[in-house]
There are 2 protein chains.
Amino acid sequence: MSPNFSIAEENYIKSIYNLQQVNDAVSTTALAEHLKSKPASITDMLKKLQAKGLLLYNPYKTFRLSKEGIKAALSIIRRHRLWESFLVHKLQFSWEEVHEVAEELEHVRSKKLIDKLDGFLGYPKFDPHGDPIPDTNGKINIQQQLPLSSLPLNKQAIITAVQDQSSELLSFLSSLKIVIGTRLEIKRRLAFDNSLEIKCRNRQPVNISEQVANAIQVNPL
Amino acid sequence: MSPNFSIAEENYIKSIYNLQQVNDAVSTTALAEHLKSKPASITDMLKKLQAKGLLLYNPYKTFRLSKEGIKAALSIIRRHRLWESFLVHKLQFSWEEVHEVAEELEHVRSKKLIDKLDGFLGYPKFDPHGDPIPDTNGKINIQQQLPLSSLPLNKQAIITAVQDQSSELLSFLSSLKIVIGTRLEIKRRLAFDNSLEIKCRNRQPVNISEQVANAIQVNPL
DNA sequence: AATAATTTTTAGGCAAACCTAAAAAAAATA
DNA sequence: TATTTTTTTTAGGTTTGCCTAAAAATTATT
């Protein structure tokens, strides 16, 4: 008897989950931006989610999902990622265009459908973006994390975190379109300074220093 | 630029389409029953649909979809029937349990998704219930209708109508679990009385008289 | 044709999910 | 610490889609 949430609620739950993966707790403004809505609307929904026991929330403070909320989030994320896999592997959608469609499909709430789809796809462990797919029970493969500098040559990996107090590095990387979630591999390792030539999907390779590579955490696929 | 309808609107359009297939025009009460809602709610929506040019409607009279409305209906029905096919043929859902899930999937409005799904399924002409699937342009195969008595041996067909004033025949047939929509084929034709041995899917064959076979209209697959 | 019964619409409300503008609280700064 | 700035919440409003109860129109019956 897993409870049923409205589409709006599901979107909030998923967004909060995604944001708190990065920052541990979420602010009203951040969530409003993520959902392209207004802070006042967020407050409305926070109260509803808290009343349902999905959210740990004190007025004027940041908030995060409860155990229950995380369970709900993982089930929504499972649906999303399985549909993305279906779209790419069965319907030949390209990697970039699946998100929007999966965003709609994920709201079809039939456990049987999703479990059958999972089987049809061969119980994939990762979606086409390299993100892990939670299993029927909501268990998600803990992402193995290592510094980019220790990633073997030509092995694909996803950026999971960037160690950076100043956020200078973060903005440098994001100017290169390298952000958390970006999939990349190392094409070359230059011996004289240990700098790396990295390649993101279909983009031109870029060169980064050993120090930067040490600060980037990745999850090998 | 096909216009986008809300889920509620789509459900109304589809129900009106289905009802007017039987009766040519639809009444407020009939639609309310079909949608499990109340007549007053129907009136509300009728005004909206008329304002959008989807409905031919005069207050206190029966109504029907406009050209535009039929076009919209066919696109929704296309989605529904393709998803039903997917569920049965790819995910091994049984024939009876697909409707509910397809009811949700049909509201995912991505033409590209549906056209790709169509290709993935091999451009099926009929859904698992035997109902015809409209093509990308909304063209639907007109159901060829003939009396069961003229159906060739071993050719599958779907019952589309039963000619019966008294409804005595209808209740007799439904006691045999033979209703509109039932899929069957003729296994034997007995020469001495022209009675037929018919077989429905995985059930035991039953025998029906020539008169009954004349009253049953079918659509060969 | 007049009246009764049924069907449909109108009127007024409700809940969900959003919004803007103003008030309150928290955080940053002088 | 006091003040300013930023963030969050409250108050009140909108739209969509539904509801009930009463009024109006249509249909059926006498």
Side-chain angles (χ1 to χ4, degrees), chain A residues 3-16 19-20 22-65 69 72 76 103-104 106-107 109 165-167, chain B residues 3-16 19-20 22-65 69 72-73 76 103-104 106-107 109:
Chain A
N4 243 18
F5 305 113
S6 71
I7 291 178
E9 285 167 339
E10 290 196 347
N11 286 333
Y12 274 79
I13 293 166
K14 199 180 49 148
S15 288
I16 297 170
L19 290 173
Q20 79 182 27
V22 179
N23 258 349
D24 211 74
V26 184
S27 79
T28 303
T29 344
L31 184 52
E33 264 166 42
H34 200 260
L35 287 169
K36 282 167 191 160
S37 105
K38 296 290 140 76
S41 312
I42 303 297
T43 309
D44 279 0
M45 185 61 94
L46 293 182
K47 287 194 258 181
K48 277 180 220 165
L49 294 178
Q50 193 194 30
K52 292 195 176 192
L54 300 167
L55 196 68
L56 304 170
Y57 165 60
N58 291 105
Y60 291 101
K61 299 284 163 58
T62 57
F63 44 87
R64 65 161 67 85
L65 294 174
I76 298 161
E103 205 71 17
E104 287 202 61
E106 77 188 6
H107 297 299
R109 297 174 269 298
Q165 280 72 304
S166 67
S167 97
Chain B
N4 242 20
F5 305 111
S6 72
I7 291 179
E9 285 168 339
E10 290 196 348
N11 286 333
Y12 274 78
I13 293 166
K14 198 179 52 148
S15 288
I16 297 170
L19 291 174
Q20 79 183 27
V22 180
N23 259 348
D24 211 73
V26 185
S27 79
T28 301
T29 344
L31 184 53
E33 265 168 40
H34 200 260
L35 287 168
K36 282 166 190 158
S37 105
K38 295 291 139 78
S41 312
I42 302 299
T43 309
D44 279 359
M45 186 60 94
L46 293 183
K47 288 193 256 180
K48 279 181 219 166
L49 294 178
Q50 194 194 30
K52 293 195 176 190
L54 300 167
L55 196 68
L56 305 170
Y57 165 60
N58 291 103
Y60 291 102
K61 298 285 161 60
T62 57
F63 44 88
R64 64 161 69 83
L65 294 173
I76 299 160
E103 205 72 15
E104 287 202 62
E106 77 188 4
H107 297 299
R109 300 176 259 319

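In this text, all values refer to a predicted model and were calculated from it rather than measured experimentally. In what follows, every chain begins at residue 1, and chains take the letters A, B, ... in the order their sequences are listed.
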Interatomic distance where [atom1] belongs to [X] and [atom2] belongs to [N] [whole Å]:
{"X": "B:F63", "N": "C:dT7", "atom1": "CZ", "atom2": "P", "result": "14 Å"}
{"X": "A:L31", "N": "C:dC18", "atom1": "CG", "atom2": "P", "result": "11 Å"}
{"X": "A:K47", "N": "D:dT8", "atom1": "NZ", "atom2": "C1'", "result": "11 Å"}
{"X": "A:N11", "N": "C:dC18", "atom1": "CG", "atom2": "C1'", "result": "14 Å"}
{"X": "A:I7", "N": "D:dT16", "atom1": "CD1", "atom2": "P", "result": "17 Å"}
{"X": "A:I13", "N": "C:dA17", "atom1": "CD1", "atom2": "P", "result": "11 Å"}
{"X": "B:N58", "N": "C:dT9", "atom1": "CG", "atom2": "P", "result": "10 Å"}
{"X": "B:L49", "N": "C:dT9", "atom1": "CG", "atom2": "C1'", "result": "16 Å"}

A:N11 CG to A:I76 CD1 distance, which is reported to the nearest 0.5 Å: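 If I round to the nearest 0.5 Å, the distance is 8.0 Å.
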Nearest heavy atom decides the nucleotide; on that basis, is A:K48 or B:P59 closer to the 5' end of DNA chain C?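 The answer here is B:P59.
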Closer to the 5' end of DNA chain C via nearest nucleotide, is it A:Y60 or B:T29?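 That would be B:T29.
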Nearest to the side chain of [X] - [options]?
{"X": "A:L46", "options": "D:dT9, C:dA17, D:dT10", "result": "D:dT9"}
{"X": "A:T43", "options": "D:dT26, D:dT10, C:dC18", "result": "D:dT10"}
{"X": "A:K38", "options": "C:dA11, D:dT9, C:dT20", "result": "C:dT20"}
{"X": "B:S37", "options": "D:dC19, D:dT9, D:dG17", "result": "D:dC19"}
{"X": "B:A40", "options": "C:dT9, D:dG17, D:dT8", "result": "C:dT9"}
{"X": "B:P39", "options": "D:dT9, C:dC19, C:dT9", "result": "C:dT9"}

Given side chains that start at C-beta, do those of [X] and [Y] come closer than 4.5 Å, heavy atoms only?
{"X": "B:D24", "Y": "B:T62", "answer": "no"}
{"X": "B:L65", "Y": "B:L56", "answer": "no"}
{"X": "B:E103", "Y": "B:K14", "answer": "yes"}

Give a yes or no answer on whether the side chain of A:Q50 reaches the backbone of A:Y57 with a donor-acceptor pair at less than 3.5 Å.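 Yes, A:Q50 side chain to A:Y57 backbone: donor-acceptor pair under 3.5 Å.
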Output yes when at least one side-chain N/O atom of [X] is less than 4.0 Å from OP1 or OP2 of [N], else no.
{"X": "A:Y12", "N": "C:dC18", "value": "yes"}
{"X": "A:S6", "N": "C:dA16", "value": "no"}
{"X": "A:S27", "N": "D:dT7", "value": "no"}

May I ask you to say what B:S41 touches in the nucleic acid, namely base, sugar-phosphate or nothing, with a heavy-atom cut-off under 4.0 Å?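 Base: the residue B:S41, judged by heavy atoms under 4.0 Å, touches a nucleobase.
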